[in-house]
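To start, the structure itself, in structure tokens.
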Amino acid sequence: MSISSMLSTQWADYPRAHANRVNFVVHLATVPLFMAGTVALFGGLCTGSAASCLTGLSAMMAALAAQAWGHRLESHPPAPFTGPVNAFARIVFEQWLTFPRYVLYRIRRAR
């Protein structure tokens with residue numbers, strides 16, 4: 001599956017898979033945590049800091065654990081991952097592209 005196809009599929013399913021308010025709030029709190037963790041992980045890799053790498057990985061894992069809990073509240077959960085590459089790509093795209101885009105979409109729609 002191409003990146004553009006994966007992003008289109010993720011976007012099309014997003015409102016249905018994030019309809020529960022609690023899940024949406026969990027994502028509002030944890031997507032920035034995941035992003036900060038990603039930055040800390042890469043910063044740690046660039047500087048050779050094991051502490052930064054571990055802190056970043058811990059933040060990312062905590063964010064994903066909370067989001068997994070939130071997704072269990074949905075009546076229509078996201079499609080299952082088809083493999084490790086699919087899981088990695090969908091998680092990264094959701095955290096860095098799709099969810100921020102969805103928040104902006106909801107803000108514009110609420111006006």
N/O donor-acceptor pairs under 3.5 Å from side chains in residues 36-46, not counting sequence neighbours:
residue: Thr38; atom: OG1; partner: Phe34; partner atom: O; Å: 2.9

Mind listing the side-chain donor-acceptor pairs of residues 99-110 below 3.5 Å, one per line with the distance, residues two or more places apart or on another chain?
residue: Tyr105; atom: OH; partner: Arg109; partner atom: NH1; Å: 3.4

Under 3.5 Å donor-acceptor pairs involving side-chain atoms of residues 53-60, not counting sequence neighbours:
residue: Thr55; atom: OG1; partner: Ala51; partner atom: O; Å: 2.8
residue: Ser58; atom: OG; partner: Leu54; partner atom: O; Å: 2.8

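With sequence neighbours left out, the side-chain hydrogen bond (donor to acceptor under 3.5 Å, both in side chains) criterion links Ser49 to Ser52.
Trp11 and Phe24 end up in the same hydrophobic cluster when Ile, Leu, Val, Met, Phe, Trp and Tyr side chains are linked at under 4.5 Å. Tracing side-chain contacts under 4.5 Å through hydrophobic residues (I, L, V, M, F, W, Y), one never reaches Phe88 starting from Val85; they form parts of separate clusters. Follow the hydrophobic side-chain contacts under 4.5 Å out from Val31 and you reach Leu28 in the same cluster.
For the residue pair Asn20 / Glu74, no side-chain donor-acceptor distance below 3.5 Å is found, with atom types taken as modelled.
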ask   = Checking side-chain contact (heavy atoms from CB on, under 4.5 Å) for the pair Phe81/Ile91: CA distance, chi angles, key distance, verdict?
value = CA-CA 10 Å; Phe81 298 121; Ile91 288 168; 4.0 Å; yes
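Residue pairs meeting the salt bridge (Lys or Arg N to Asp or Glu O under 4.0 Å) criterion with at least one member in residues 11-36, sequence neighbours excluded: Asp13-Arg16. For residues 87-97, the side-chain hydrogen bond (donor to acceptor under 3.5 Å, both in side chains) pairs, not counting sequence neighbours, are Tyr14-Glu94, His18-Glu94, His27-Glu94, Gln67-Gln95, Asn86-Arg90.
Of the possible donor and acceptor atoms, one in the side chain of Ser2 sits under 3.5 Å from a partner among the backbone N and O of Ser5.
Side-chain contact between Arg72 and Pro77: absent, with no pair of heavy atoms (C-beta onward) separated by less than 4.5 Å.
Closest heavy-atom contact between Leu7 and Leu97: CD2-CD1, 4.1 Å.
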